[in-house]
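Report on the structure given below.
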Number of protein chains: 2
Amino acid sequence: MDDTQHLSLAELGDFITRVLTGLGLGDAHVPAVRDTILAGERDGGGSHGLYRLIMVARTMRLGKVNPHAVPVVRDIAPALVRVEAGGGFAPLAFRTGLPALVEKARANGIAALALNDCAHFAALWPEVEAVAREGLVGLACTPSHAWVAPAGGRKPLFGTNPLAFGWPRPGKDPFVFDFATSASSRGDIELHRRAGKPLPENWGIDAEGNPATSPEAVLAGAMLPFGGHKGSAISAMIELIAGPMIGDMTSAESLAKDEGKGAAPLGGELILAIDPARFQGDRAAGRMQAAEAMFQAITDQGARLPSLRRYAARRRSEAGGVRVSRALLADIEALLA
Amino acid sequence: MDDTQHLSLAELGDFITRVLTGLGLGDAHVPAVRDTILAGERDGGGSHGLYRLIMVARTMRLGKVNPHAVPVVRDIAPALVRVEAGGGFAPLAFRTGLPALVEKARANGIAALALNDCAHFAALWPEVEAVAREGLVGLACTPSHAWVAPAGGRKPLFGTNPLAFGWPRPGKDPFVFDFATSASSRGDIELHRRAGKPLPENWGIDAEGNPATSPEAVLAGAMLPFGGHKGSAISAMIELIAGPMIGDMTSAESLAKDEGKGAAPLGGELILAIDPARFQGDRAAGRMQAAEAMFQAITDQGARLPSLRRYAARRRSEAGGVRVSRALLADIEALLA
């Protein structure tokens, strides 16, 4: 028997809505969280799709998120906007702040949006894709929980600290990338643990700071940044600019606040938006084409252009729906029991 | 006999001034280029110190820089400023634009400076350190020449595309990092070639796209990004935001314009400045301290905090001067012959 079930995107959306409502998530949050999870499953699934409902449910059960929080937009400077998320999930806070971010970026050339006091369970590409679909260049990052040791160190300090970027492509899907600045995602390590497989080298260290490939040892020790001291520096930057710089927590503070419960990371998120039309001005001639020539040169030499795989999965899912693990669906149904 | 010569920083500055003037660099540019080279030698030397005079001289001899260019500041949007460098070296353009960048960042919360049409021979940390000494968070990047293949590719496309970041620390030197998004700098490969030493693995590929450790083979083939596909994505981002986004060239365009002459890269540079005081607002309590706690946790576990080594070298050089290779001094004197 096939261990997956076929669902159209509409059916999957209805399923997610029923689960979120059943869990007690407030009406305003349901579509925002649903669309984020649905988009993850639609675009390739894995740890950022339906599976995330388990973390959403866990965070709600633990009382670590306010399911009825009402995000409040605050205009804090001509080119800065803040959304006080009030302890709610991030997607509604982002939706609530996006129009002001876009307006400020167009008016000033560059603008920044801080989401404060929110629970993070999702990838960041939906944010930068949304910004790029407005014709703006987008950059987003967030700390998480302190799971990652700095390069050359022995103890968890940084979060997995994802970095996402979006570039508008006239007449095409935006160029988007989004990755953890840790060598792997936390989810990838958990998938190895569930499968009983050793980790690749350089993903983590054990509690004594020694290189380790056992998922359990790394989960008890520390993950490592990607790219050695350079990746480590970028992770530190994300701690600073999406934490203290916007008046929010570091990953160490977020983990301390979790009190060992294993809920979703809490804290801030930073999203920058830049209007290339304003920045190019009278130097615009041929510039968007130069970007296209670079994308073409990447694919022409057989290298991977980030996001193409995601868009291909999206087209397939939109046309033919998705296949979802029956075991995962059962696990999720059990959340409602 | 000692093959190094001792110079005070004042003596070294006078030497650089004499060389630059002798090469025919315009009076307005001399102090800006001198201070940049002097700062590199003061802070640890190597490929970003006095050695860079050779590239400066070469670029001038080739006529690939305008030694008398007058940078022009253009206010292009409330939070954007452009300096048209007119084909001159970047340091004077940066100095010329910095006051407007600082003023706009304070007024709007965030601002961006584009330097356009300039020749780049230096590191970017002087830019972000200057921004951070104004109490602002700074981020800078620039394309270079197309020397680096995208991850999974075979042909040079990206520049070494440095990324620099500065964070103000009350009462202390700013936290600063600055590195190439290639696995190594071009200068490091040239130093290996001059020393007849093989390169570490993953620094580059040969002209057929195969992994290579011969400096000559990599210089004829392509360098690689740091950190695999993640570093490659960041390098692509830098191409876009410090190239086409600001109305300037990609690294491929810069290399084409060089016509094989081997002059300094030409094109743009992007510098962002963000005012943490504006962004923190009524959420400022304890936030700069949280950043300090993160720095402390990095050094407490024996990991390296970027920039500490540079500041230590600076203190030593300020107190006791520097020792410079006599052979390098002779090579530089020969430039004037």
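By convention in this document, chain letters (A, B, ...) are assigned in the order of the sequence lines, proteins followed by strands, and residues within each chain are numbered from 1.
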Which of residues 160-169 of chain A have a heavy atom under 4.5 Å from any heavy atom of chain B?
A/L163, A/F165, A/W167
Who in residues 136-149 of chain A is close to chain B, using a strict under-4.5 Å heavy-atom cut-off?
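Heavy-atom contacts from residues 136-149 of chain A to chain B are A/V137, A/L139, A/A149.
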[X] portion near chain B, given a 4.5 angstrom heavy-atom threshold:
X: A/E292; result: neither
X: A/A236; result: both
X: A/A112; result: both
X: A/A183; result: backbone
X: A/L157; result: side chain
X: A/A252; result: neither

Between A/K104 and A/D75, is there a salt bridge with N-O shorter than 4.0 Å?
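A salt bridge links A/D75 with A/K104.
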Go through the atoms of B/A107 and report whether side chain, backbone, both or neither lie under 4.5 Å from a heavy atom of chain A.
backbone
Which residues from residues 199-210 of chain B are near chain A, with near meaning under 4.5 Å between non-hydrogen atoms?
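Result: none.
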Please list, chain by chain and in numerical order, all residues satisfying side chain to side chain contact (heavy atoms under 4.5 Å, CB included) with B/K230, sequence neighbours excluded.
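For B/K230, the residues satisfying side chain to side chain contact (heavy atoms under 4.5 Å, CB included) (neighbours in sequence not counted) are A/F179, A/A180, A/F226.
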Quick check: closest heavy atoms across A/R82 and A/I246, and the distance to 0.1 Å?
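The pair with the smallest heavy-atom distance is NH1-O, 3.1 Å.
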Max heavy-atom pairs within cutoff under 4.5 Å with chain B, candidates A/M249, A/R74, A/Q289, goes to A/R74
